[in-house]
Amino acid sequence: MAKQYWLVKSEPDVYPLEQLKKDGHTGWTSVRNYQARNFMRDQMKVGDRVLYYHSNAEPAAFVGIAEVSRASHPDPTQFDAKSEYYDPKSTKDAPTWMMVEIKYVDTFTRAVSRDECKKTKGLEKMSLFKQGRLSVAPVTEAEFEIVCRLGSR
DNA sequence: GCCAACGTTGGC
DNA sequence: GCCAACGTTGGC
């Protein structure tokens with residue numbers, strides 16, 4: 001399958017890009033939305049490029065790039081009774097929630113704000129604006145390239 | 001902190 | 001299967 005492009009959202013208070021840079025890679029756990037899960041389970045492949053977005057931030061913005069480093073596997077937090085993401089309906093044989101692992105690639109020299117994207121030709125139609133609440137969502141190759149270009153100047 | 005959007009749950 | 005109630009996300 002051709003390489004695909006994605007965005008992931010994280011609140012900087014919870015897991016900022018700087019933390020991913022320190023950790024090198026991280027499991028994208030705790031996603032409890034079926035659409036986002038389906039993207040991870042069915043479509044995200046090792047090597048796919050990922051825009052890293054800070055939500056609930058001032059301003060909300062794309063801040064850098066990551067890459068899928070491990071394909072879909074069960075999210076362990078669903079089996080952990082102590083986790084706030086525990087799902088009693090999930091079993092190891094039939095896990096409900098899947099995750100991928102992403103690795104740090106780069107931090108933009110400047111953040112590309114949501115507002116700027118809205119005003120930029122070629123980005124007005126980003127899925128982010130149509131369905132803003134998905135924590136994992138596809139972006140087109142063209143959108144990916146435009147955001148990267150804005151972020152590196 | 002407010003509130004709109006929207007996904008999920010549960011009664012019927 | 002419908003839909004109202006409820007909870008969560010996330011921009012502002």
Side-chain angles (χ1 to χ4, degrees), chain A residues 4-23 25-44 48-68 72-102 104-140 142-144 146-153:
Chain A
Q4 295 181 96
Y5 299 85
W6 307 95
L7 67 83
V8 297
K9 293 198 287 196
S10 182
E11 300 189 27
D13 291 347
V14 177
Y15 196 86
L17 182 61
E18 303 86 77
Q19 189 62 45
L20 179 62
K21 184 175 186 179
K22 278 187 210 137
D23 294 344
H25 57 85
T26 193
W28 207 247
T29 64
S30 315
V31 174
R32 293 295 180 269
N33 171 285
Y34 286 104
Q35 252 184 299
R37 178 209 60 186
N38 292 348
F39 289 135
M40 292 198 287
R41 185 189 62 188
D42 303 334
Q43 296 191 50
M44 290 177 94
D48 282 0
R49 292 255 152 164
V50 178
L51 292 172
Y52 205 96
Y53 181 82
H54 280 171
S55 62
N56 261 322
E58 189 49 54
F62 290 102
V63 291
I65 304 169
E67 183 178 308
V68 178
S72 172
H73 52 293
D75 177 347
T77 61
Q78 71 194 304
F79 307 124
D80 178 1
K82 290 192 285 296
S83 168
E84 69 174 299
Y85 297 103
Y86 177 60
D87 184 344
K89 296 191 294 299
S90 285
T91 65
K92 304 242 170 174
D93 290 335
T96 306
W97 304 110
M98 305 298 281
M99 60 184 254
V100 298
E101 184 185 272
I102 62 173
Y104 174 81
V105 175
D106 202 9
T107 302
F108 289 152
T109 51
R110 67 181 193 90
V112 181
S113 73
R114 174 186 183 84
D115 201 44
E116 180 174 0
C117 292
K118 266 189 195 160
K119 291 182 195 145
T120 300
K121 193 156 183 291
L123 296 180
E124 322 91 319
K125 294 203 176 67
M126 289 189 90
S127 65
L128 182 64
F129 302 130
K130 280 205 297 271
Q131 199 179 356
R133 303 167 78 245
L134 276 181
S135 53
V136 177
V139 300
T140 68
E143 288 163 349
F144 183 89
I146 293 170
V147 173
C148 288
R149 188 151 38 78
L150 291 173
S152 54
R153 73 173 188 215

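Treat the numbers as computed from the prediction; the structure is a model and nothing was measured. Throughout, a chain's letter reflects where its sequence line sits, starting with A, and its residues are numbered from 1.
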(request) By nearest nucleotide on DNA chain C, pick out whichever of A:Tyr85 and A:Asp115 is the more 5' one. (result) A:Tyr85
(request) Would you check if A:Leu17 and A:His54 make a side-chain contact, meaning some heavy-atom pair closer than 4.5 Å? (result) yes
(message) Among A:Val105, A:Leu7, A:Thr107, A:Leu20, which residue satisfies the side chain to side chain contact (heavy atoms under 4.5 Å, CB included) criterion with A:Tyr52?
(response) A:Leu20
(message) Please tell me whether A:Thr91 and A:Asp93 have a donor and an acceptor in their side chains that are separated by less than 3.5 angstrom.
(response) no
(request) Answer yes if the ring centres of A:Trp97 and A:Tyr86 are under 6.0 angstrom apart, and no otherwise. (result) no
(message) Is any side-chain heavy atom of A:Met98 closer than 4.5 Å to one of A:Pro74?
(response) yes
(message) Are the side chains of A:Pro16 and A:Lys21 in contact, using a 4.5 Å heavy-atom criterion?
(response) no
(message) Report for the helix from B:dG1-C:dC12 to B:dC12-C:dG1: angle between first-end and last-end helix axes, five pairs each, rounded to 10 degrees.
(response) 10°
(request) Classify the side-chain pair A:Thr77/A:Arg32 by whether it contains a donor and acceptor separated by less than 3.5 Å. (result) yes
(message) Taking the nucleotide of DNA chain B with the nearest heavy atom to each, does A:Asn56 or A:Asn33 sit closer to the 5' end?
(response) A:Asn56
(message) Can you list, in residue-number order, the parts of residues 117-134 of chain A that come under 4.0 Å of DNA chain B, counting heavy atoms only?
(response) A:Lys130, A:Gln131, A:Arg133
(request) At the 4.0 Å heavy-atom cut-off to chain A, mark where contacts on DNA chain B begin and end, going 5' to 3'. (result) B:dA5 to B:dT8
(message) Quick check: do A:Leu150 and A:Leu123 have side-chain heavy atoms less than 4.5 Å from each other?
(response) yes
(request) For the residue pair A:Gln35 and A:Gln131, establish whether any side-chain heavy-atom pair is separated by less than 4.5 Å. (result) yes
(message) Just so I know, are the side chains of A:Arg49 and A:Trp6 near enough to count as touching, which here means a heavy-atom distance under 4.5 Å?
(response) no
